[in-house]
Every structure is written in structure tokens, then in C-alpha cells.
2 protein chains.
Amino acid sequence: MPLPEPVPDIRSLDLLRSVAELGSIRQAALRHGISQPAASVRLRALEGILNVELLDRSRGRAQLTSAGVAVVQWAGNVLEQMRELVLATQALEVAGHTHLRIAASLTVAEYLVPGWLSHLRSSDPELIVSLEMGNSHHVVQVIESGGADLGFVEGVHAPRALTSRVVQSDDLVVVVAPSHPWARRRLTVAASDLAATPLVVREPGSGTREVLDDALAAHGLSVNVQVELASTTAIKSAVASGAGPGILSKLAVESEVREGRLVAVEVADLPLERRVRAVWFKSVALSASARRLMRQINASSVPGS
Amino acid sequence: MPLPEPVPDIRSLDLLRSVAELGSIRQAALRHGISQPAASVRLRALEGILNVELLDRSRGRAQLTSAGVAVVQWAGNVLEQMRELVLATQALEVAGHTHLRIAASLTVAEYLVPGWLSHLRSSDPELIVSLEMGNSHHVVQVIESGGADLGFVEGVHAPRALTSRVVQSDDLVVVVAPSHPWARRRLTVAASDLAATPLVVREPGSGTREVLDDALAAHGLSVNVQVELASTTAIKSAVASGAGPGILSKLAVESEVREGRLVAVEVADLPLERRVRAVWFKSVALSASARRLMRQINASSVPGS
DNA sequence: AAGAGGCATAATCAAATGTTATACCTGATT
DNA sequence: AATCAGGTATAACATTTGATTATGCCTCTT
């Protein structure tokens, strides 16, 4: 369902943030390259849309109200996500003159890369990063052919011929619609149940699928495919609309499970462990920026105060 | 610094999400209440702004490219934050006919409430919630006077005369600018060092300040105030520009510390523990919606698969 | 071969958004 | 107390953006 109209404008939120930072509409307008009256009108329009008084103009200079302080904080989250979107997208289109070329599986690119890029950017605004996406198999090929400096793949096996290092673990889960029988039982499902049931899964060649295949193979079982889909969102909606159980990254279904749109089911005897690995060309030293990225990833996955 | 122009439009991102969901520009346009050509143009404009091909129109119906899949995912994050902003702001303005009245300290309102509201909304779209903000002291008063059903305060002590329950723990940290001497040492600072140094702190009456005062009082010390500011962001920028060490919620400085704009310093012998407590009127049963909120908060603070 | 569903382009128009000019306000300074 | 600097609001006008309807072409299905 679409966002309810009217929607606050991103640029107005950005402007408000600047007002909060600079303490004056005038200065904020200047920084944004628009005239002071334009800024004044925009902010008033924003107040109208949100139906809240954000600024107190009664004392000469604009002063945030307490509601304004809160809205600035909330707007900061929106702006941060937007910044990540823009950065990540820019990395997709970059052609030459890149300092760091990343290749990542789709899941890693969707869920992890934007945050990394945002951090990289704040530590070095000049750095140009490119991002190539594909399934895990494709990433390995790109790295092997020298098309990227650093790759990120998911799966159980570390690819041969490449140096690799586990960066994050992201297990898979079986999810079903809330109306599905499996959603009711507090009991866990067995691997054999899973193999006997037609499932909604990712296509062969993807890291997600590989983990599932391997885990079942260890029991002498194989996947019973109901549908193969190439994106996580496609699987989510198929599962939610009752197509059958689906297998997805825990990362990917976190919000849906929390909000009850999907239900995660335990599989007793099946270790659906998936590891995100950084991979790079054997015996080739990582560039300075690649090393910095690795350091940042380590730092953020093991948060210390 | 402002977002670099041109900025993708929120409504276009929302439209793209609908296209991804419905598999057709036409259907998406319908759902958004605009004409098909308008949607077509908007999407093309979005592609221009992002400089990426998002849709493959060569086969009759619009099909997401792989870049499109990624952008939809990233856009989802933006839209989610925007939805939280709108919900939280709406709660600020609601006058009558509310089903659940929340009063929260500013920090809780800024960092925790939007997520709660978003989850509440997805479990019950009809529920009308109001949000009153103030410092911890004020929240207690509002609850005592029957102005809200459920309050959230930070601080060491559970307020007398109200039933309370710890909901989340959010410790305080001492932060300094990266250029500050304390940022260098791996050693920890002592409580006496802290008391001897002029600090940037929140105003008395705030939960943050109370924790600090109490912790120092336990050592027979008191705060040496450099500046008192009424918002976390104000403190952040004061600290970042070298005003001196500041004391803030770990929650509030997480991103700044991760990105190196601020440095968190350990204080050896000072337990700066702060607990977020839900409080409500003694011997008054919580309403159904209040209980549901409490359940959701518990569920999300102890995440299980 | 025909029809249904879907997308793009063109012509046109309304609304939103920006700019400059100008007046008023507030707090600080002399 | 008068003045000045910085800041904000309003008005008039120009521009740009974004929407609508009309229409043509494409693709897949039957």
C-alpha cells in the first residue's frame, strides 16, 4: 500500500535538518543554494503537511520546538537511508576511475553494501566505489577475471582458488504464511518434512539455494521445488499469499516476521548456516581502500562501545 | 551537508515499489491514484536521476532489472523510515478519540517510539495513538494526572507511586571529539577525572542527567558543568566542535562513534547504567492496546528467530 | 488474425516552487 | 534611546514540474 498523501518532501526535511544545525533559516537556505524566502515557504509547507509547529520564529531567529527536535531526529533516519540509496545506486553506474571495485551477491548487495558504502564515504568522501551484482557463482567469476577487487558471497563453501574470510553469518530460515499449518505448531519441523513439501526457493546458482541443497544432501534428501524465484521479495510475497513454505535469509525476513506477516519455523535437524565471505584473488594484496572496508566491516559486526 | 542534488523523489520510489509488487506500471499507477502516463513519466524521471535502468519494458510488461530489484530494496528502507516519521508526527498532533496515549521522554521518543508505532500500526491499522513528549520528570506528572495511559522514562530509579517495568537498558557513554586527549588513550578515565573536567550535559530533570548525577554522587562527586543543553544533537555538535567531553545515551551516539565523528571513552569506576522503564498508574489495569504494545516491545528487544 | 493489456509520446494545462523586492521584527551596540 | 545587523514574512512575478487526455505501437494470448 502506498504512503498516505500528503508525503513530506525529502528536500524539506533536509532543509529542516540544516536549520537545526545552523540555527537559522537564512543560513540553511544559503547552504542549500536557494533563497531565504524559498526556504521560509518550504518550511512552512512542511509544517502544514505534518500539521505540527516545528520552528518558533517569535524571537528573531528560528528556534526548534520540542516537536521540531523530534522530527529532525526522525527525518535524520529518512535522510540516512536516502543517502545510502543514492550512494549504492551511484556505485552501480560508475564506469572508470574507480578506487575500489566490489562484486557482491544480490542479498549482500541489498542488505549489507549500502551501510558499508555510507561508512566508507564518511571516512573518505573522495573514494569512488563501484558495485557489481550477481549471484554467488557470478561474483567468483568476476573476481577471478580481475573485474573486481573484492567480492562478497554467501554459501557454505569457501570458493577454491580465492582467498576468503568469513565476514558475517546469516542463517537461513523456513518461513510460512501465518495461515499455514506449520505456523501453529510450537514443535519443530524435521528435515524429512521439509524435503517432502513443495517449497518456494531461490534459483540454482544462488548462495541461498546452495546452502539449502547442501543441508538436505547431508541427509540424503533433495529439494522438492514448488517455484523458483530470483528475488527475495518475490519469494516473500509468494509465501505470504500461500504458495507454500519458503527458504530465505534471516536478514531478509526480519521485519516481516517481527510484524507477523510471515512466521519463521524451526527445522530441528537441519543446520541452515550461511556465511557471508569476503573473497579476493589469491596472492594478490588488497588495496588500501579494500583493507579499510574490511576493517570497517569487522568493526561494525562486532560492536563495542 | 545537504543531500547532493538531484534527490530521488519519495513518491517515485513508492511508485517503483508498487510496480515491483504488482508487476505493471499501469496497476501501480491505479493504486497510487494517478494516470498511467504520469506514472510512466515519473519512473523514467527516476531512472534519469539515479542514472540506472530500473525497468525492462521490452517485453510488453515492465520487468524489474537486477539493479531495479536492488533499488526497490533500498527504497524500502527509505519508505519505512518515512512511514515511521509520519506515524510518529501524527501521534504528536492527535487531540481526542485516541485509543492509546503514550508519554515518553525525549530520548525514548526520538529513538524508540517510531519503531513501536510502526509495529503497532501493522498489527492494528485502526489504532489511534497519541504521543506526549517531555523529560522524565514531566512524563511522570502526565501519568499521575491521568493525561496518558503509558509512560516511558529513563533513569536509575523507578518512580514511586507508579507501577513500572524495565523495558530496555540503554547505558550512557562519555564521548569526546577525535582530537580530544581522551580519545587517544586506550586506558580508561576515572570517575574523579570526569568530575574534574567541565562537561557538556543535559539539563537537570532529564533522565540522562539524573543518571550522571547519581553515579557521581555515589563517589561523593558532582558534575562540573561546562554547558547544559536540552537536546542530544546540540550536545553532539558541541562535543564534536571541541567544547569538551559530553555524556549521552549509547543509543544516541551509535552512528557517530561508528563513523569516527565521536569517540566513546570508558569510565573505569562509574556505572552509567540507564534503564528505560514503562510506567503506568498504580493499580490501574492496562488497556488492551497498552498491553499489546508492551508485548511487542518485549518481543523486539529480545529477538528470537 | 484478432483482441486485450500495457507502455510511450504529444499537446495542453494547473499547481507547485523559485526569485527579487520590500517591510517588519528582535536583540545587541553605542 | 536610537541605530544597526541579522533574520523572517509577504507580495508579485516567472519558471518549472507534474498531471491529464488522446492516441499509437508493441507483445503475448487465444
Side-chain angles (χ1 to χ4, degrees), chain A residues 2-65 67-68 71-72 82, chain B residues 2-65 67-68 71-72 75 82 234:
Chain A
L3 232 41
E5 303 278 345
V7 188
D9 174 26
I10 282 269
R11 300 169 61 201
S12 300
L13 296 178
D14 199 14
L15 184 64
L16 179 66
R17 206 188 45 69
S18 293
V19 173
E21 186 183 338
L22 301 172
S24 138
I25 294 181
R26 187 178 199 77
Q27 300 302 326
L30 224 85
R31 177 171 290 190
H32 284 248
I34 61 177
S35 67
Q36 172 268 317
S40 183
V41 170
R42 287 189 80 83
L43 291 167
R44 207 167 273 289
L46 181 61
E47 290 183 315
I49 287 172
L50 294 176
N51 200 19
V52 163
E53 193 179 58
L54 301 170
L55 299 169
D56 175 13
R57 291 117 160 140
S58 72
R59 243 163 287 171
R61 7 184 89 248
Q63 176 88 20
L64 281 179
T65 63
V71 170
V72 165
M82 181 61 94
Chain B
L3 232 39
E5 302 276 344
V7 188
D9 175 26
I10 282 270
R11 298 169 62 201
S12 300
L13 295 178
D14 199 15
L15 184 63
L16 179 67
R17 204 187 47 69
S18 293
V19 172
E21 186 183 336
L22 301 173
S24 139
I25 294 180
R26 187 177 200 75
Q27 300 304 325
L30 227 89
R31 178 173 288 190
H32 284 248
I34 61 177
S35 67
Q36 172 267 316
S40 182
V41 170
R42 288 187 79 84
L43 291 167
R44 206 168 272 288
L46 181 61
E47 291 183 310
I49 287 172
L50 294 176
N51 201 19
V52 163
E53 193 180 56
L54 301 170
L55 298 170
D56 174 13
R57 291 114 161 142
S58 71
R59 242 164 284 172
R61 5 185 89 250
Q63 177 88 19
L64 281 179
T65 64
V71 169
V72 165
M82 181 60 93

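Keep in mind that this is a model prediction, so the values were computed, not measured.
Of the side-chain N and O atoms in S40(A), none sit less than 4.0 angstrom from OP1 or OP2 of dT8(D). Residue S58(B) places no side-chain N or O under 4.0 Å from the OP1 or OP2 atom of dT27(D). Between S35(B) and dA19(D) there is no side-chain N or O to OP1 or OP2 distance below 4.0 Å.
Look at CZ on R26(B): it is 12 Å from C1' on dA8(C), rounded to the nearest Å. Per the geometry, CG belonging to L22(A) stands 14 Å off C1' belonging to dG6(D), to the nearest Å. Regarding E5(B), its CD atom lies at a distance of 14 Å from the C1' atom of dT16(D), rounded to whole Å. D56(B) places its CG atom 11 Å from the P atom of dA8(C), with the value rounded to the nearest Å.
Between L46(A) and P8(A) the shortest heavy-atom distance is CD1-CB, 3.9 Å.
The side chain of A38(A) lies closest to dT19(C) when the candidates are dT21(D), dT8(D), dT19(C). Residue A62(A) places its side chain closer to dT8(D) than to any other of dG7(D), dG5(C), dT8(D). Of the listed nucleotides (dG6(C), dT8(D), dT9(C)), dT9(C) has the atom at the smallest distance from the side chain of V41(B). The side chain of R59(B) approaches dC28(D) more closely than any other nucleotide in the set dC28(D), dT20(D), dC7(C). Taking the side chain of I25(A) as heavy atoms from C-beta on, and the options dA19(D), dA9(D), dT20(D), the nearest nucleotide is dA9(D). You'll find that the side chain of R11(A) is closest to dG18(C), out of dG5(C), dG18(C), dT20(D).
For the pair R42(B) and Q36(A), nearest-nucleotide mapping onto DNA chain D gives the more 5' position to Q36(A). When the nearest nucleotides of DNA chain C are assigned to R57(B) and I34(A) by heavy-atom distance, the more 5′-ward of the two goes with R57(B).
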